[in-house]
Protein chains: 2
Amino acid sequence: MEALPALSVPVTIYDIAREANVGIGTVSRVFNNHPSVSEETRRRVLTVAAHFNYHPHPYARGLARKRTNAFLAVIPFFTTFFFLEILHGVQSALADGETDLLLHGVSHPDHAEPSLRRVSSRGRFDGILYFSMRLPDDFVQEVKQLKVPLVLVDAYHPDFDSFSVENVVGARQATAHLHALGHRRIGMLAANLESLPARERLSGYRQGLEEAGIAYDASIVLSSTSPRLDGFTRETGYELMGRFIAMGSRRPSAVFVSSDVQAAGALMAVQDAGLRCPEDFAIIGFDDIALAGHIGLTTMRQPLVEMGRLAVQRLNERLATPDLPITQHSFVPELVVRRSCGSGSPSAPELTTTQLTYSHA
Amino acid sequence: MEALPALSVPVTIYDIAREANVGIGTVSRVFNNHPSVSEETRRRVLTVAAHFNYHPHPYARGLARKRTNAFLAVIPFFTTFFFLEILHGVQSALADGETDLLLHGVSHPDHAEPSLRRVSSRGRFDGILYFSMRLPDDFVQEVKQLKVPLVLVDAYHPDFDSFSVENVVGARQATAHLHALGHRRIGMLAANLESLPARERLSGYRQGLEEAGIAYDASIVLSSTSPRLDGFTRETGYELMGRFIAMGSRRPSAVFVSSDVQAAGALMAVQDAGLRCPEDFAIIGFDDIALAGHIGLTTMRQPLVEMGRLAVQRLNERLATPDLPITQHSFVPELVVRRSCGSGSPSAPELTTTQLTYSHA
DNA sequence: CGTCGCGGTGGAAGCCCTTCCAGCTCTTTC
DNA sequence: GAAAGAGCTGGAAGGGCTTCCACCGCGACG
């Protein structure tokens, strides 16, 4: 260990063993924190390793251990804001620095399959995080056969662990909030009802009305028929809001919009019509993506960051104990008051992150 | 090859070789598209492989080939909108399905280093995409010594390939646009001038004024002193816009804001003051993140998707030909007219993606 | 009719680790 | 004083692939 680190560029475990006068087994044990290495030897090995800037080769390790220390995240790129936050949580849970994240952006829900093909190639990752998309049936088979643990986020399948959100409850609460603010004529601007979340949110809205003792009025419930992203787009929000505005005196005084992105469009429509938001229309969204803060939108928060974090945690647990019973976690969204409904503080941009609550399903 | 795929779960190249009555070398050649395999043998091997759902083990491959087929993306998570789009481009360039993307979110610019430590562990990826952050000096050393190709996106360093944006030119054009719309009293809302992009955009603004024959007036140039994200936040936009509003009759009629995020805050301030945007203030941003579309912000587009795509392409080129001369690409931002400046179509959310232009540095 | 070359092919060696078994040196125990 | 452990350690085998060298058969060539 006299010389400078002039060893050939790829420093291997053999180099370290030789320089430290130990066997390769011992070096390996040191790097795996195996207890049966004397303190003195351990220190010597570590010194030499640091000196040569040695790091075990991850692939060699993976091959020998039959473990990759990487997770695959299959994520829809089209719901931009949404997954971003979840990813944030995922990252922070991975911060141990031991596990890597492999990203697989899917640019269209129907294009998930091709990129899933690669999953069949065992040996790239230890587990899968699957976001917001329906799980194709043959993929389910494949994953189960390969015995790769998979955790669903913002999605549901009976055979896998999942973390999702109580759409019905959230929508009910949103409606209740509008009611509590004094609104009696509350409309809903829904996404394409072909999609489950859209239907659930509509259903929650109806429950909310019922609890408030308000009769359901189909004329102030507009839903998108757009197939694109199931209608969860700014464009549908803009267009449908225009129809509300055109109703004149028969229009609702408040609208529950089924997503923040749509609500952004709705807000633009209101502005374009020369109307103002808390005053002429109260608008509440759903999701609490970062955009909501930027435009002062009152909305129902989904604990996205937390969901990401817990999903990783769950994956680790399942890796450690494969036959854990499957659990389905379900979060209750939380009201975030900004200014689009007129209540709460004005609009000084808030910096705080509120606590989140959740419950078991 | 009579039996069902009842081979032990991990199917190896040996299994396939045996079942297809060939040597492992031949199987390997088939999977690597080596020319010297007879058509007949190739077909037979592929049939058997498909039958047993065989895929070469990526780690074993990586170990033997000394190549990982993965890129590392080091990305700031705090500039959410921004990197998202770039990532989109990266993904699409990776769509060949051969290369994987390893994600490394950095939640604070100062925290890049710890996560970079892992870079020293050779053998995890073949190349690095480094986004929007300053490259720490010791990291530069390390990367160069390890000879891992690195491409910078939205950042610059003389020793590496990079793709960035002409901040000066873009800011000049933004200013020119305001001038063309008839504005003569044009202010600027800048980020923290400690940061280079902030300074460049200010400098472009001044050039723009000069070209328009307007004298520079320091009283209507406000800059943030916030250290947080170098002042590129909604909060600074809100606050500084408030100061403009408070100027009464001496206030500018148009404001060039140094980023879309800040512009979002500025728009909120305008609204909160009971003023309206194209009418009382023309506001132009910079970046064209997705948010800009959602709030109808006129802005200077950076071709983010394209940058991501080209960065990947460049990395591949450099991998193929390591001693290519270093190139620094620089894009000229493009004006995207929405409604915050009052010109152009009203605000029906646009769906089109405009062409982008770019030039060599 | 030998020799060359070429399209194909088999498989050993090597990539860099982990793991397991054997073995070594001291203590401890009866 | 022998036997049995306890505490460490060395290194072969194995993980699944690529690559290279050796080799085989056969048509072409002189």
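Computed from a prediction, not measured in an experiment: that's the story for all the values here.
- One interatomic measurement links the two molecules: CD1 of A/I16 to P of D/dG10, which rounds to 14 Å at whole-angstrom precision.
- B/H34 has its NE2 atom 9 Å from the P atom of D/dC20, to the nearest Å.
- Between the CZ atom of A/R18 and the C1' atom of D/dG11 there is a distance of 15 Å, given to the nearest Å.
- Counting to the nearest Å, the C1' atom of C/dC15 and the OH atom of A/Y59 are 14 Å from each other.
- Using a 4.0 Å cut-off between charged side-chain N and carboxylate O, B/E40 and B/R43 make no salt bridge.
- Distance, B/K66 NZ to D/dG16 P: 20 Å, rounded to whole Å.
- An OP1 or OP2 oxygen of D/dG10 is reached within less than 4.0 angstrom by a side-chain nitrogen or oxygen of A/T26.
- Contacts of A/S28 with the nucleic acid, taken as non-hydrogen atoms under 4.0 Å apart, include base atoms.
- Ranking C/dT9, C/dT18, D/dT9 by closeness to the A/R61 side chain, first place goes to C/dT18.
- Spacing between atom CG of B/L63 and atom P of C/dA13 amounts to 18 Å, rounded to whole angstrom units.
- Aromatic ring pairs are classed by plane angle as parallel below 30°, tilted from 30° to 60° and perpendicular above 60°; the pair B/F331 and B/H329 is tilted.
- Formation of a donor-acceptor pair under 3.5 Å by the B/R318 side chain with backbone atoms of B/P325 is found in this model.
- A/R309 and A/S92 share a donor-acceptor pair across their side chains, judged by distance under 3.5 Å alone.
- Ring geometry for A/F139 against A/Y130 counts as tilted: the plane angle lies between 30° and 60°, on a 0 to 90° scale.
- One interatomic measurement links the two molecules: CG of A/N69 to P of C/dC17, which rounds to 14 Å at whole-angstrom precision.
- Between the CD1 atom of A/I13 and the P atom of D/dA12 there is a distance of 14 Å, given to the nearest Å.
- The residue among B/N21 and A/R65 whose nearest nucleotide of DNA chain C lies closer to the 5′ end is B/N21.
- Phosphate contact (OP1/OP2 of C/dT9, side-chain N/O of B/T41, threshold under 4.0 Å): present.
- The residue among B/S36 and A/Y14 whose nearest nucleotide of DNA chain C is located toward the 5' end is B/S36.
- Applying the 3.5 Å distance criterion, the base of D/dG10 shares a donor-acceptor pair with the side chain of A/R29.
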